[in-house]
Amino acid sequence: MKTKELSKQVRDKVVEKYRSGLGYKKISKTLNIPRSTIKAIIKKWKEYGTTTNLAREGRPPKLTDQARRALIREATKRPKITLKELQSSTAEIGVSVHRTTLSRTLHRAGLYGRVARKKPLLKEKNKQTRLVFAKRHVGDSPNIWKKVLWSDETKIELFAH
């Protein structure tokens, strides 16, 4: 579990003891700080020449990795789910986020909300010509159809949503 940051005075004291020749183990025992923390402070001091806190990347993400994966899993399992429903499902996990945050997270995962293009219904003339064609070829054997080169395989549904 992460703890709070050490104060600047404590970090300066660690560097001071290191410069006086003490090793990581002795500094750790005298100041009662984990050896890994001592090592990190000294490494930072060697690299940047300071013990002050440096600027960080920015605001930490509101969604944890686990919550993000659960969100993506839910959206892929139920493609027609709304952002509002996703928002309430993430609230059940214990994370309250805005719909825009959810949308942005899903976009980063390559999931987008799209609406299917509206296709025109068949005209009466097209229905009649198709019916004539079907009646003409109703008794043809499957071998004849294997020789046909299908150039336009369009799926058409009547009264589809």
Side-chain angles (χ1 to χ4, degrees), residues 1-123 126-127 130 148-161:
M1 188 170 149
K2 277 194 163 186
T3 56
K4 297 278 184 196
E5 292 178 352
L6 295 173
S7 67
K8 176 142 173 49
Q9 292 86 5
V10 174
R11 287 179 295 199
D12 287 339
K13 200 177 282 184
V14 168
V15 171
E16 185 184 307
K17 288 190 181 291
Y18 176 75
R19 290 174 86 181
S20 68
L22 286 175
Y24 292 167
K25 204 171 188 179
K26 284 195 176 173
I27 298 171
S28 173
K29 280 198 173 164
T30 55
L31 297 176
N32 198 22
I33 300 171
R35 203 177 329 157
S36 60
T37 307
I38 302 292
K39 186 178 179 186
I41 291 169
I42 293 168
K43 181 182 176 191
K44 180 180 174 185
W45 174 73
K46 282 180 179 177
E47 194 173 331
Y48 299 106
T50 181
T51 57
T52 57
N53 291 331
L54 300 173
R56 296 201 178 99
E57 275 189 30
R59 188 189 198 287
K62 190 119 185 228
L63 283 173
T64 62
D65 280 342
Q66 184 180 5
R68 184 182 52 79
R69 287 192 307 268
L71 172 74
I72 293 166
R73 195 178 319 112
E74 182 80 18
T76 50
K77 210 187 315 179
R78 295 175 48 203
K80 293 187 177 184
I81 193 168
T82 63
L83 281 174
K84 201 165 196 166
E85 290 171 331
L86 283 172
Q87 189 178 25
S88 63
S89 71
T90 52
E92 289 172 11
I93 298 171
V95 184
S96 65
V97 287
H98 196 267
R99 290 192 307 267
T100 312
T101 306
L102 296 175
S103 177
R104 194 178 302 119
T105 304
L106 292 173
H107 287 184
R108 286 186 185 137
L111 300 172
Y112 299 92
R114 300 242 162 81
V115 178
R117 175 183 285 171
K118 292 201 185 320
K119 294 181 181 176
L121 297 173
L122 284 177
K123 294 180 182 163
N126 296 351
K127 290 180 192 177
R130 285 172 181 231
V148 174
L149 175 66
W150 299 99
S151 62
D152 182 20
E153 294 184 8
T154 304
K155 179 183 176 191
I156 295 177
E157 293 178 17
L158 287 178
F159 309 111
H161 295 283

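Residues: numbered from 1 along the sequence shown.
Atom OG1 of T30 and atom CG of L22 lie 6.5 Å apart (nearest 0.5 Å). From K62, atom NZ reaches atom OG of S96 across 4.5 Å, with rounding to the nearest 0.5 Å. In this structure, the separation between NZ on K84 and OG1 on T82 is 8.0 Å, given to the nearest 0.5 Å. Considering OG1 of T37 and CG of L31, their distance stands at 11.0 Å, rounded to 0.5 Å. Here S36 contributes atom OG and K43 contributes atom NZ; the two are 12.0 Å apart, rounded to the nearest 0.5 Å. How far OG1 of T90 is from CG of L102: 5.0 Å, rounded to the nearest 0.5 Å.
Side chain of Q87 to backbone of V97: a donor-acceptor contact under 3.5 angstrom is found.
Put simply, the side chain of V14 does not reach to within 4.5 Å of the side chain of T51, judged on heavy atoms. Counting heavy atoms from C-beta on, the side chains of N53 and K44 come closer than 4.5 Å. Between I38 and K17, the closest side-chain pair of non-hydrogen atoms is not below 4.5 Å.
K8 meets the salt bridge (charged side-chain N to carboxylate O under 4.0 Å, His left out) test with D12; sequence neighbours excluded.
The minimum heavy-atom distance linking I81 with A75 is given by the pair CG2-CA, 4.3 Å. Closest approach of P34 to S28, counting heavy atoms only: C-OG, 3.8 Å. Minimum interatomic distance between A70 and I93 (heavy atoms only, all atoms of both residues): CB-CD1, 4.2 Å.
Taking a 6.0 Å sphere around OH of Y48, one finds it holds 12 or fewer heavy atoms contributed by other residues, nucleotides or ligands.
Applying the salt bridge (charged side-chain N to carboxylate O under 4.0 Å, His left out) test to every pair with at least one member in residues 64-76, sequence neighbours left out, gives these pairs: D65-R68, E74-R78. Counting only residues at least two apart or in different chains, salt bridge (charged side-chain N to carboxylate O under 4.0 Å, His left out) contacts with residues 20-36 are absent.
Here the rule is side chain to side chain contact (heavy atoms under 4.5 Å, CB included) with V95, and of L71, L63, T101 only L63 fits it.
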